[in-house]
Amino acid sequence: METESFVRIDGNLHFIQGDDRGENKEGKYLRFALKREYQDVDGGLRHDFIILRAYDNTIKDWILSKREGTPVLVEGELRSSRGSGEVYVYVKEIRER
C-alpha cells in the first residue's frame, strides 16, 4: 500500500542565513525552520519551530534571497531522517504569503 504524507503549513522563515546544509541520497539540501505563533489552549502565546529541508536549487535560492521572518506558505511531504530520526518537511513548493 502506497501512502503520501502531504502537508501545507504557513509561518515565518527562520534560521535561513545559517550554514546549515547537508547531503544524503536525495542530494544536497538547505535545512531551515518555519516559526509559527499561535494561542495555546491555556491562552498563552506559543511558538513552534518546524524543521524543513529544501533540495531543489531554485527553491534554495529563493529561500536564501528572503529575509528572516518572511511570511510563507509551504507545501511538501512529511519525512523522517534515516540517520537521526528527525522529522522534517521535504519542501516541494514555497511562496510568500
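Everything numeric in this text was worked out from a predicted model, so none of it was measured.
Atom NE2 of H47 sits about 11.0 Å away from atom CG of N12, to the nearest 0.5 Å.
Between F15 and F32, the ring centre distance reaches or exceeds 6.0 Å.
In this structure the side chain of L45 never reaches within 4.5 angstrom of the side chain of Y38, judged on heavy atoms. Side-chain contact between L30 and V91 is absent, with no heavy-atom pair separated by less than 4.5 Å. Between V72 and D10, every side-chain heavy-atom pair lies at or beyond the 4.5 Å cut-off. Annotation: side chain of Y55 is not in contact with side chain of K60 (no heavy-atom distance under 4.5 Å). In this structure the side chain of R46 never reaches within 4.5 angstrom of the side chain of E37, judged on heavy atoms.
At a threshold of 4.0 Å, the pair D56-K92 does not count as salt-bridged, since none of the basic side-chain nitrogens sits closer than that to a carboxylate oxygen. Using a cutoff of 4.0 Å between basic side-chain nitrogens and carboxylate oxygens, E86 and R79 are not scored as salt-bridged. Note on K66 versus E96: salt bridge recorded, some NZ/NE/NH1/NH2 to OD/OE distance being below 4.0 Å.
Side-chain N or O atoms of K28 include none that pairs as donor or acceptor with a backbone N or O of N57 at under 3.5 Å. When atom types are taken as modelled, the side chain of D42 and the backbone of G44 share a donor-acceptor pair closer than 3.5 angstrom. Although no hydrogens or angles enter the test, the distance criterion places a donor-acceptor pair under 3.5 Å between the side chain of Q39 and the main chain of G43.
Cluster membership check: I63 shares its hydrophobic cluster with L52, using side-chain heavy-atom separations under 4.5 Å among Ile, Leu, Val, Met, Phe, Trp and Tyr. Note on L73: it does not cluster hydrophobically with L13, by side-chain heavy-atom contacts below 4.5 Å among ILVMFWY residues. When hydrophobic clusters are built by joining Ile, Leu, Val, Met, Phe, Trp and Tyr residues whose side-chain heavy atoms come closer than 4.5 Å, directly or via intermediates, I16 is not grouped with Y29.
For R97, the CZ atom is densely surrounded, since the number of other residues' heavy atoms within 6.0 Å is greater than 12.
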Quiz prompt | I50 vs V89, side chain to side chain contact (heavy atoms under 4.5 Å, CB included): CA-CA, chis, key distance, verdict | solution = CA-CA 8 Å; I50 299 168; V89 174; 4.1 Å; yes

Quiz item: Stepwise, does the side chain to side chain contact (heavy atoms under 4.5 Å, CB included) test hold for I9 with L34?
Solution: CA-CA 9 Å; I9 53 176; L34 197 65; 3.5 Å; yes

Practice problem: Starting from the C-alpha separation in whole Å, work towards a yes-or-no answer on side chain to side chain contact (heavy atoms under 4.5 Å, CB included) for F6 and E75. | Solution: CA-CA 7 Å; F6 177 80; E75 293 182 0; 4.1 Å; yes

Exercise. Dump the intermediate steps for side chain to side chain contact (heavy atoms under 4.5 Å, CB included) on L78 and V87, then the final yes or no.
Key: CA-CA 7 Å; L78 195 59; V87 175; 3.6 Å; yes

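Annotation for I59 and A54: closest pair CG2-CB, 3.8 Å, computed over non-hydrogen atoms. Annotation for S80 and G85: closest pair OG-O, 3.3 Å, computed over non-hydrogen atoms.
H14 and F49 have tilted rings, their planes meeting at an angle from 30° to 60° on a 0 to 90° scale.
A cation-pi contact, defined as under 6.0 Å to the ring centre and within 45° of the axis, links R53 to Y88.
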